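Please read the structure below before turning to the comments.
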Amino acid sequence: MPTKYDPKEAEAKWYPYWLEGKFFNAERNAEKTPFTIVIPPPNVTGNLHIGHALNNTLQDILIRSKRMQGYDALWLPGMDHAGIATQARVEGRLKEEGISRYDLGREKFVEKVWEWKDKYAEIIRRQWSKMGLSLDYSRERFTLDEGLSKAVREVFVRLYEKGLIYRGKYIINWDPETRTALSDIEVEYKELKGALYHLRYPLKDGTGYIEVATTRPETMLGDTAVAVHPKDERYQKLIGKTVVLPIIGREIPIVADDYVDREFGSGAVKITPAHDPNDFELGRRHNLEQILVMDEAGKMNENAGAYQGMDRFACRKQIVKDLQDQGVCFKIEEHIHQVGHSERSGAVVEPYLSTQWFVKMGPLAEEAINKQKSEERVAFVPDRFEKIYLHWIENIRDWCISRQLWWGHRIPAWYCGSCGEMTVSREDITTCPHCDSTELKQDNDVLDTWFSSALWPFSTLGWPEETEDMKHFYPTDVLVTGYDIIFFWVARMIFTGLEFTGENPFKNVLITGLVRDAEGRKMSKSLGNGVDPMEVIDQYGADAMRFMLATGNTPGNDQRFRWERVESARNFANKIWNASRFALMNLEGFTAADIDLSGNLGTTDKWILTRLNETIADVTRLLDQFEFGEAGRSLNNFIWDDLCDWYIEMAKPHLYGENAEAKKTTQSVLCHVLDQTLRLLHPYMPFITEEIWQHLPQSGASITVAPWPIVDETHHYPESVKQMGLLMEVIRSVRNIRAEMNVPLSKKVELMIKPTNEEAYSLLSQGEEYIERFCNPQKLEISLSLGVPDKVVSAVVTGAEIYLPLAGLIDIDKEIARLEKDAEHLKNEVERVNKKLVNQGFVAKAPAHVVEEERAKGKDYQEKLEKIQVRIQELKN
RNA sequence: GGACGAUUAGCUCAGUUGGUUAGAGCGCUACGUUGACAUCGUAGAGGUCGGCGGUUCGAAUCCGUCAUCGUCCA
């Protein structure tokens, strides 16, 4: 084995091996408890980003650990057709060739998108494999594939038949850039500095004018009323009168409506029912005409008179100028307001009157709310996200699901050119069921991408068929996703899941934060600060990236991407590699059958086995609680500190020594501990653990299916932890003295240790060989009755006093100063503890064991302090 | 305007039901190539846990309030 771990080699070797062995394929075994995760399907628009890497790593850790724990683990992969995003990308590509989608026509264009999809699906699969994800590719799905399309149709038709899907003419959010309707949540509101334009509309009777204010003056071309508050005294006598709309000359009424805010502006508002949601509602109450003044591209239409053909913003400029010239616009104020932008294209969203399809949310939301308030709620992790979800679903509005795109699930509604009836159908139809005419035309629109994503946890398992997979693996166990799509996706999966399967689609939702750049900025294409996970893997290996992401922080919080942290993780991998290399070099000829822990275990053996037990318990518990960071740190500490820094060093004398029995015991312990540790680490670092494990004396096919370690009660020795503690403390003190007194390890010195009692004496005597090895003394004396020389450097630990006679080598004043510093520190501790103990409240109210611990601490500090003070006195004499 | 989150060592972050001498990695300082590893080892410096007030025998941890930054919702 080389001295450095080569990630590329291991990664290239093991992923194909895993696939060939079908280790990732779920069994659908009735004997086993299923554990299911469906991957949040990435968009087929392009490459995976570092956020996917985080999200997928966490899922892989979960699924790998559950698989090893004996569950029938299914991690189902798939991709999303991502309507607007994908269509926009393909259109962009065509544009480079000077072609628009209209040049190609719908059919040809969709063919092009499928080509794109095939290409990127392949890229994404390759990226998944690079990351080492244990996905069951035999069950991979795509939101537009046949089965899922069938599920989409089924859901659409059922909701339609139930009256929960309807078609109608309403104000929706229109994106003039991509020329499609958007749902409410696809609109991002940004605070912008705009203007409030004050206009005077003249009364028809010539008795004056009424003042209105607007932020979108171009919409005045579509005004069909002016509204005032019915109780507004200023306007009482104007209600019912008629004004003449400037420029257009249309006569429009002044109406009274409670909706009007008397405080805002002049208290009178212009009403444009076709371009504003509130005006739309008001217009319906007052039977006002709805006049659209723009087309789908955001250009002024034939109703805009002279402005026809102008872009909406150009028109705004021009119309303001014209209104000013006419004296209609008499004041322009700076005005900061929230302006909706398309989440996809960034274009300013236009409230627009349009015929669209909607999901009626009331009944669906109610069911979801009730469920969430019952025992059968979805567990959000961290739980604060539950509130965010509930608040949203409790205030939800109907969902606009039709999109004026070509890429997506086409709406299964047909219009008859003969009788004019509309038919919604599961199957494509060619004749009208109402009049038998064949003049049928399918609705041009497609469904919101999230409509199909909402069905993902069950449509991927074969629903609406009653498949075996559905019966066995549904509902799923955990959904891992970012907080940015709780509304878009999580909420919608929950209410569709409840409606169509009667259950929550998942038991837990693990919410992750965003991976930001090193400065804490959101990664974005425009900033160019994104980190490509493939580059990270290329430089440091997949395991390092995974470990870094998984231990980066706590669930739900954002984390910053820092290369130094990837480097640390890479170093950790290398540490494991070298520890294993050491072990393997000393396990020559040793087989799995040779492992024997029944022999005469030493304190260090007992200690490392006990620490292993603790680590197994911690990691298992923490993973169940989704505490990936803590579990990873626990493993890091165990491997680096306990295993490498102490156990391996202490194993050396046995491995190199003549005692065959001791050697075999040490080999057994080392081999066992390493094997168990690799298994615990495997979910985080699949490649390196497999690579090493395959070198280890063991008989399994792959660590991916090796049983998860369990706490071994027969090898649990809590007293060994205390015993090792003393040994470690003695060794550390000697090192500390050597460092502080500038006595390098190469310099042999005499070392005298005076244990405080028989027990400590026995322990330290047993550990003599280790003290020799770690402290490199010329002569070591451990005795309860030591004749301490005058010129000596010393230290006091709990259980022993340590002396290094360094006559002539040291500066007495320096040693006194060093001891006084220790004494000072101990004095503070003694004082702190005493203060607690004299406090009657503490002694009376604190739990007995806490008081007892505090007393013991106080006694220990006091004893150490006294001993140090004695040493100081002796040096001063 | 409402809700939530963050504020802990120079930097990035842990700290899970209130009781640890407040931790890690990186960085820094000083030593060190002893037969796994310099992608390393040993030792060390560095924090009044954002401010104020409260609850409690005891607060980084619970409550209130303020400040700064950030996110979501309206």
Side-chain angles (χ1 to χ4, degrees), chain A residues 1-5 184-185 188-189 338 382 384-385 387-388 391-392 395 483-484 486-487 513-514 516 518-522 540-541 544 548 551-586 621-622 625-627 629-630 632-634 636-637 640-641 643-645 648-649 651-652 655-656 731-746 773-774 776 825-826 828-830 832-833 835-847 849-851 853-854 857 860-861:
Chain A
M1 282 170 88
T3 60
K4 281 174 190 163
Y5 168 59
D184 293 337
I185 51 176
E188 287 180 336
Y189 289 88
Q338 300 285 328
R384 65 186 139 94
F385 289 105
K387 249 197 287 182
I388 295 174
H391 179 258
W392 184 73
N395 294 283
Y483 58 68
D484 50 335
I486 291 176
F487 304 150
L514 267 39
R516 296 174 174 274
E519 276 78 53
R521 296 172 304 180
K522 205 166 162 173
Y540 292 96
M548 173 268 177
T551 57
N553 70 350
T554 37
N557 289 353
D558 294 351
Q559 68 172 291
R560 298 186 190 197
F561 184 93
R562 306 192 128 244
W563 287 100
E564 306 95 277
R565 291 192 38 243
V566 189
E567 204 178 312
S568 298
R570 189 272 316 262
N571 294 351
F572 177 49
N574 201 53
K575 189 74 183 175
I576 299 153
W577 179 257
N578 276 293
S580 306
R581 206 163 69 89
F582 167 81
L584 290 166
M585 281 161 58
N586 290 286
R621 175 179 53 84
L622 289 165
Q625 297 169 347
F626 307 113
E627 295 278 0
E630 287 296 301
R633 275 183 283 280
S634 171
N636 189 315
N637 292 341
W640 208 310
D641 302 340
L643 186 60
C644 294
D645 289 350
I648 285 183
E649 288 308 318
K652 282 176 182 173
L655 294 171
Y656 299 151
I731 291 166
R732 277 199 207 100
S733 313
V734 175
R735 283 170 171 171
N736 175 288
I737 290 171
R738 297 190 84 123
E740 290 204 17
M741 303 311 285
N742 290 319
V743 185
L745 197 62
S746 54
R773 179 172 180 84
F774 283 82
N776 197 28
H825 175 70
L826 282 167
N828 289 338
E829 290 305 317
V830 167
R832 194 181 53 77
V833 171
K835 226 168 108 184
K836 268 191 182 178
L837 291 171
V838 292
N839 181 341
Q840 278 311 303
F842 174 72
V843 179
K845 293 189 181 175
H849 76 273
V850 173
V851 178
E853 278 165 26
E854 215 59 35
K857 266 191 257 175
D860 184 41
Y861 293 143

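The analysis underlying the following values was restricted to heavy atoms, covering all of them including side chains, and did not include hydrogens, waters or symmetry mates. A, B, ... follow the sequence lines: proteins, then strands. Residue 1 opens every chain. Bear in mind that the values here come from a model prediction, so they are computed numbers and not experimental data.
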Selection from C26(B), A36(B), A74(B) that lies nearest to any side-chain heavy atom of Gln338(A): A74(B)
task: Work out which heavy atom in Asp558(A) is nearest to a heavy atom in Asn553(A); give both atom names and the distance.
output: O-ND2, 2.7 Å
message: If I take atom NE2 in residue His849(A) and atom C1' in nucleotide G58(B), what distance separates them, rounded to the nearest angstrom?
response: 13 Å
- prompt: Using the C1' atom in both, what is the distance from A67(B) to C52(B), to the nearest Å?
  reply: 11 Å
- prompt: Parallel, tilted or perpendicular for Phe582(A) and Tyr656(A), by the 30°/60° rule?
  reply: perpendicular
query: Can you check whether Thr551(A) reaches Phe572(A) side chain to side chain, under 4.5 Å on heavy atoms?
result: no
- request: Using only side-chain N and O atoms of Tyr656(A), determine if any of them is under 4.0 Å from OP1 or OP2 of A36(B).
  value: yes
Extract from the structure each pairing of a protein N or O with an N or O of nucleotides 40-44 of chain B at less than 3.5 Å, listing the distance.
{"from": "C40(B)", "atom 1": "OP1", "to": "Asn571(A)", "atom 2": "ND2", "distance (Å)": "3.2"}
{"from": "C40(B)", "atom 1": "O3'", "to": "Lys575(A)", "atom 2": "NZ", "distance (Å)": "3.1"}
{"from": "G41(B)", "atom 1": "OP1", "to": "Lys575(A)", "atom 2": "NZ", "distance (Å)": "3.2"}
{"from": "G41(B)", "atom 1": "OP1", "to": "Trp640(A)", "atom 2": "NE1", "distance (Å)": "2.4"}
{"from": "A43(B)", "atom 1": "O3'", "to": "Asn736(A)", "atom 2": "ND2", "distance (Å)": "3.1"}
{"from": "G44(B)", "atom 1": "OP1", "to": "Asn736(A)", "atom 2": "ND2", "distance (Å)": "2.7"}

message: In this structure, how many angstroms lie between the C1' atom of A3(B) and the CZ atom of Phe487(A), rounded?
response: 11 Å
- request: Search all heavy atoms of Lys575(A) against all heavy atoms of Cys644(A) and return the closest pair with its distance.
  value: CE-CB, 3.7 Å
message: For Asn395(A) and Asn839(A), find the nucleotide of RNA chain B closest to each by heavy atoms; which residue's nucleotide sits nearer the 5' end?
response: Asn839(A)
task: Test Ile185(A) against Trp392(A) for side chain to side chain contact (heavy atoms under 4.5 Å, CB included), laying out the working first.
output: CA-CA 11 Å; Ile185(A) 51 176; Trp392(A) 184 73; 3.7 Å; yes
- prompt: When rounded to the nearest Å, what value does the distance between C1' atoms of G41(B) and G18(B) take?
  reply: 39 Å
message: Pairs counted only when both distances fall under 3.5 Å, Watson-Crick or G-U: show me the 5' to 3' dot-bracket for RNA chain B, [ ] for pseudoknotted crossings and | for other-strand partners.
response: (((((((..((((.....[...)))).(((((.......))))).....(((((..]....)))))))))))).
C1'-based separation of U39(B) from G44(B) [nearest Å]: 23 Å
- request: Specify the separation, in whole Å, of atom CE of Met585(A) and atom P of C37(B).
  value: 7 Å
message: Taking A9(B) as the reference, what is the distance to A24(B) when you measure between their C1' atoms (whole Å, please)?
response: 11 Å
- prompt: What's the CZ-C1' distance between Arg384(A) and G70(B), to the nearest Å?
  reply: 12 Å
query: How many angstroms lie between atom CZ of Arg565(A) and atom CZ of Arg560(A), to the nearest 0.5 angstrom?
result: 11.5 Å
- prompt: Would Tyr540(A) and Met548(A) count as a side chain to side chain contact (heavy atoms under 4.5 Å, CB included) if you check the C-alpha gap in whole Å, the side-chain angles of each, and the deciding distance to 0.1 Å?
  reply: CA-CA 11 Å; Tyr540(A) 292 96; Met548(A) 173 268 177; over 6 Å; no
- request: Could you check if a side-chain atom of Glu627(A) sits within less than 4.5 angstrom of a side-chain atom of Arg633(A), using non-hydrogen atoms only?
  value: no
statement: To the nearest angstrom, the CD1-C1' distance between Ile576(A) and A36(B) comes to 13 Å
query: Could you go step by step and tell me if Gln625(A) and Leu622(A) meet the side chain to side chain contact (heavy atoms under 4.5 Å, CB included) rule?
result: CA-CA 5 Å; Gln625(A) 297 169 347; Leu622(A) 289 165; 4.0 Å; yes
- prompt: Which atoms form the tightest heavy-atom contact between Arg735(A) and Phe774(A), and what is the distance?
  reply: NH2-CD2, 3.1 Å
query: Please walk me through it: do Asn578(A) and Arg581(A) pass side chain to side chain contact (heavy atoms under 4.5 Å, CB included)?
result: CA-CA 5 Å; Asn578(A) 276 293; Arg581(A) 206 163 69 89; 3.0 Å; yes
- prompt: Is any side-chain heavy atom of Glu630(A) less than 4.5 Å from a side-chain heavy atom of Arg621(A)?
  reply: no
message: Using the C1' atom as the point on both nucleotides, what is the distance between U16(B) and G54(B), in whole Å?
response: 25 Å
- line: Here the distance between atom C1' of C72(B) and atom CD of Glu188(A), to the nearest Å, is 11 Å
- request: Provide the distance between the two C1' atoms, one in U34(B) and one in U42(B), to the nearest whole Å.
  value: 12 Å
- prompt: What string of B, S and - do you get for nucleotides 12-24 of chain B, 5' to 3', if B is base contact, S is sugar-phosphate-only contact and - is no contact with any protein heavy atom under 4.0 Å?
  reply: SSSSB--BSB---
query: Think Lys652(A) has a side-chain N or O under 4.0 angstrom from the OP1 or OP2 of A36(B)?
result: yes
message: With rounding to the closest Å, how many angstrom separate the C1' atoms on C13(B) and A6(B)?
response: 12 Å
- prompt: Roughly how many Å is it from CZ in Arg570(A) to C1' in C26(B), rounded to a whole number?
  reply: 13 Å
- prompt: For Phe385(A) and C72(B), what is the distance between atoms CZ and P respectively, to the nearest whole Å?
  reply: 12 Å
- request: Map Glu564(A) and Lys4(A) onto RNA chain B by nearest heavy atom, then report which one ends up closer to the 5' terminus.
  value: Glu564(A)
query: C1' atom, A74(B) versus A14(B): distance in rounded Å?
result: 35 Å
Min side-chain heavy-atom separation Arg521(A)-Arg516(A) under 4.5 Å: no
